[in-house]
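Take a look at the structure below.
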Amino acid sequence: MDKQDLQQRASDKAFAKISMLTFEVNDNKGELKSGNYGGDISYEEMVMIYEGNKKELKVWQYIAELIEKSNKND
């Protein structure tokens with residue numbers, strides 16, 4: 001595997017993770033609005049999950065940005 005292939009695979013993985021986290025954040029938001037997040041999870045716990053997923057999404061967006069900048073510099 002050459003460097004370009006490695007960079008493309010890294011980029012693909014980062015954007016796939018961003019897509020999945022975007023779905024999760026949107027689902028979490030909808031669940032909080034509807035109050036439909038399961039019987040074993042409290043509202044406070046659901047808020048913590050939602051906030052954690054938002055932070056994780058920002059981290060992966062940053063990682064993707066770094067990968068893209070790295071690809072442009074080569």
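What you are looking at is a predicted structure, and each value in this text was computed from that prediction instead of being measured.
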Same cluster or not: are [X] and [Y] linked, directly or through other Ile, Leu, Val, Met, Phe, Trp or Tyr residues, by side-chain heavy atoms under 4.5 angstrom apart?
{"X": "Leu21", "Y": "Val59", "result": "yes"}
{"X": "Tyr37", "Y": "Val47", "result": "yes"}
{"X": "Met1", "Y": "Ile67", "result": "no"}

How many angstroms lie between [atom1] in [X] and [atom2] in [Y], if you round to the nearest 0.5 Å?
{"X": "Gln7", "Y": "Lys3", "atom1": "CD", "atom2": "NZ", "value": "5.5 Å"}
{"X": "Asn28", "Y": "Met48", "atom1": "CG", "atom2": "CE", "value": "12.5 Å"}
{"X": "Ile41", "Y": "Glu31", "atom1": "CD1", "atom2": "CD", "value": "8.0 Å"}
{"X": "Lys54", "Y": "Lys29", "atom1": "NZ", "atom2": "NZ", "value": "8.0 Å"}
{"X": "Thr22", "Y": "Leu57", "atom1": "OG1", "atom2": "CG", "value": "4.5 Å"}
{"X": "Gln61", "Y": "Lys17", "atom1": "CD", "atom2": "NZ", "value": "13.0 Å"}

Least distance between heavy atoms, Phe15 atom then Ala64 atom: CZ-CB, 3.9 Å
Trp60 versus Ile18, closest heavy-atom pair with distance: O-CD1, 3.5 Å
Residue list, side chain to side chain donor-acceptor pair (under 3.5 Å) with Gln8, at least two apart or on another chain: Asp12
Side-chain ion pair, Glu51 and Lys55, N-O less than 4.0 Å: no
